[in-house]
Asker: 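After the C-alpha cells below, expect a handful of questions from me.
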2 protein chains.
Amino acid sequence: MARKTGSHSEITGPKIRAEAQRLFARHGFAAVSMRQIAAAVGVQAGALYLYTSDKEALLFDLLKTHMDELIAAWRAEAPAGAEPLAALEAFVRFHIRFNLERAEVVFLSYMELRNLSEENFAVIEGLRKTYETELEQILMAGQAAGVFLIPDTKLATMAIIAMLTGVNTWYREGGRLSRATVADIYWDMVRKAVGA
Amino acid sequence: MARKTGSHSEITGPKIRAEAQRLFARHGFAAVSMRQIAAAVGVQAGALYLYTSDKEALLFDLLKTHMDELIAAWRAEAPAGAEPLAALEAFVRFHIRFNLERAEVVFLSYMELRNLSEENFAVIEGLRKTYETELEQILMAGQAAGVFLIPDTKLATMAIIAMLTGVNTWYREGGRLSRATVADIYWDMVRKAVGA
DNA sequence: TTTGATAATGAACGCCCGTTCAGTTAGCGT
DNA sequence: ACGCTAACTGAACGGGCGTTCATTATCAAA
C-alpha cells in the first residue's frame, strides 16, 4: 500500500477535478462526499487533500477555471471592430457552442454558487458580470448606431443570456436538431427580439 | 414536555412546509437537515414524521403543489378563445408575475429536481411539460394564423420560458424597475422575437 | 546505490445525518 | 371529571461526513 506504481500528480490532479466535476454535476455538491470522489479516482479520501485544501476549494477551482476560459475564449474569437449585428451573431453562436461543449461545468456554475464562501462567490459573480458586459456593450453599440431597437439594454442582456443558456436544459445529442441548426434558430429569434 | 400547549396539526403542518421551502431554497435540499427544519418550526426532529413520510416527500410535496397551482392559475386566467397575440401577451405577463410572487419554490423547482426519486421526478417533469404545452399551443395557433413567424415552435417555447424565468435570477424588489415595467419590456422582446 | 522528495494509505477524530419509537402531555367530546 | 386521541419529546440506532496525520511505498536525481 502507500504510494502506487506509476502515480504522478500531473495525472491524479486532473483526474480528481474531472471526477469531482462529473459527480457534482450529476448529484449536486452537497450530496457528493469526498470518499465518493476518491473512489471514482481510485485513491483513498485522504489523498485528495494533497490536491485541494478542502471540498469547497475543489468546487471553486472548477468554477473559476471555467469562467476564466469562457471569457478568454470569447475574447479570442470575438470579431474585432465588427458591426453590432455581426458581433451579436458571433456572440449568440459562441455562447451556444461553448456552453454545449461544457455542459457539466456550466450546469455547476448555475446550480452550486450558493455552496461557495462569500468571497469566492463574489469572484465568480464578478466574472459572470464581466461576461455579461461583453454582450451588453454589443447591444449598446447597436442601439447607438440605430441598428437595434431595444427598450432596455440591461434587461435585454439578461433575457438573451437566459434564453441562450436555456438550450443546455433541453438539448440532447442525437436529437431532432443539430447544434448548428439550433444556433441558426436561436440567432433568428435573438435578431428579431432586438429589432434587427 | 411532550405535546405543547396550543399545538394543532393545521398550524404545525403548514409551518413545516413553509420552513422547509425557505431553508431548501436558501441552502439547498441536501445541505438542510431535518433537525434544522424542526428547529425553525420549534419542534424536535421526530415530530416532522407525523407530517411527512421522509425528507424527499417533503420536497416532492412542495414541488407538486407548486406545479398544480401554476397550471391551475394559468388556466383560470388564460383568456378563453382569444387571439394568439393577446394570448401570448397574457402568458408572458402571467409567467413573470406568478414566478416573481413565488420565487422560493420556483427556484426549488429548477434546482432540486435531481433529489427526487425517478417516479416523483417523472411526475414533476410531466406537469412542467403540460405547462410548456400551454405556451406551445399559443405559438402554433399564431403560426397557423399567420400572426407569428417562428422558425420552430418547440424551440421558441423553450426559449421564451427560459427568458421569462430568467427574470427571477436578477429581479430584486425595490430595484430600478417595477414588476409591471419589467413585464412590459419582456413582452416587447417576446413579441418581436415571434415576428409579431 | 543511496537518498530525499513525492504520492498515497488507513486509521482515527468528533460530529451530524435520517429515521424510529416508547413514553408523556394537552385538547376535547362526553 | 374522565378518557381517548392527537401532538410531541428525547433518546437511541447505524452509518456517513470532512479532515488530519503518522507511516509507508515509489520515484528520480546524485
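Keep in mind that what you see is a predicted model, and the values were worked out from it rather than measured.
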Asker: Hey, does the side-chain of A/Arg35 have a donor or acceptor N/O within less than 3.5 Å of a partner on the base of D/dG16?
Answerer: no
Asker: Tell me whether A/Lys154 is salt-bridged to A/Glu136, with the criterion being a basic N under 4.0 Å from an acidic carboxylate O.
Answerer: yes
Asker: Taking CG from A/Leu48 and C1' from D/dC21, how many angstroms apart are they, rounded to a whole number?
Answerer: 15 Å
Asker: Are A/Phe91 and A/Tyr131 close enough that their ring centers fall under 6.0 Å?
Answerer: yes
Asker: Does OP1 or OP2 of C/dA8 have a side-chain N or O of A/Lys4 closer than 4.0 Å?
Answerer: no
Asker: May I ask you to say what B/Glu56 touches in the nucleic acid, namely base, sugar-phosphate or nothing, with a heavy-atom cut-off under 4.0 Å?
Answerer: nothing
Asker: Just by modelled atom types, is the A/Leu149 backbone N or O under 3.5 Å from a matching donor or acceptor in the B/Lys192 side chain?
Answerer: yes
Asker: Quick check on DNA chain C: between B/Thr5 and B/Met34, whose nearest nucleotide comes earlier from the 5' end?
Answerer: B/Met34
Asker: For A/Ala30 and A/Ala47, take the nucleotide of DNA chain D holding the closest heavy atom to each; which residue's nucleotide lies nearer the 5' end?
Answerer: A/Ala30
Asker: On the nucleotide D/dC8, are OP1 or OP2 found under 4.0 Å from the side-chain N or O atoms that B/Thr12 carries?
Answerer: yes
Asker: Taking only side-chain N and O atoms of B/Gln36, does any of them lie within less than 4.0 angstrom of OP1 or OP2 on C/dC17?
Answerer: yes
Asker: Indicate whether OP1 or OP2 belonging to D/dC17 is found under 4.0 Å from a side-chain N or O atom of A/Ser33.
Answerer: yes
Asker: Could you walk me through whether A/Ser178 and A/Thr181 pass the side-chain hydrogen bond (donor to acceptor under 3.5 Å, both in side chains) check?
Answerer: CA-CA 5 Å; A/Ser178 71; A/Thr181 308; 2.8 Å; yes
Asker: Would you kindly give the NZ-to-C1' distance between A/Lys55 and C/dC15, to the nearest whole Å?
Answerer: 15 Å
Asker: Can a cation-pi geometry be assigned to B/Arg191 and B/Tyr186, taking NZ or CZ under 6.0 Å from the six-membered ring centre and within 45° of the ring axis?
Answerer: no
Asker: What is the distance from CD of A/Glu10 to P of C/dA5, rounded to the nearest Å?
Answerer: 18 Å
Asker: C/dC28 phosphate, OP1 or OP2: any side-chain N/O from B/His8 under 4.0 angstrom?
Answerer: yes
Asker: Under 4.0 Å between a side-chain N/O of B/Ser9 and OP1 or OP2 of D/dA6, yes or no?
Answerer: no
Asker: Report the distance from atom CG of A/Leu50 to atom C1' of D/dA25, rounded to the nearest whole Å.
Answerer: 14 Å
Asker: For C/dC21 and B/Tyr49 - does any side-chain N or O of the residue sit under 4.0 Å from the phosphate oxygens OP1/OP2?
Answerer: no
Asker: Between B/Tyr51 and D/dA7, does any side-chain N or O lie under 4.0 Å from OP1 or OP2?
Answerer: no
Asker: Identify, between B/Ser53 and B/Ser7, the residue whose nearest nucleotide on DNA chain C lies closer to the 5' end.
Answerer: B/Ser53
Asker: What is the separation between atom CD on A/Gln44 and atom C1' on D/dG18, rounded to the nearest whole Å?
Answerer: 15 Å
Asker: Rounded to whole Å, how long is the line connecting atom CD1 of A/Ile37 with atom P of D/dT19?
Answerer: 10 Å
Asker: Give the rounded distance in Å between these two atoms: CG of B/Leu59 and C1' of C/dG18.
Answerer: 15 Å
Asker: Spell out yes or no: do the side chain of A/Arg3 and the base of D/dT24 have one donor N/O and one acceptor N/O closer than 3.5 Å?
Answerer: no
Asker: Ignoring hydrogens and geometry beyond distance, is a side-chain donor-acceptor pair present between B/Asn115 and B/Glu56 at under 3.5 Å?
Answerer: no
Asker: How would you label the contact of A/Val41 with the nucleic acid (heavy atoms, under 4.0 Å): base, sugar-phosphate, or nothing?
Answerer: nothing
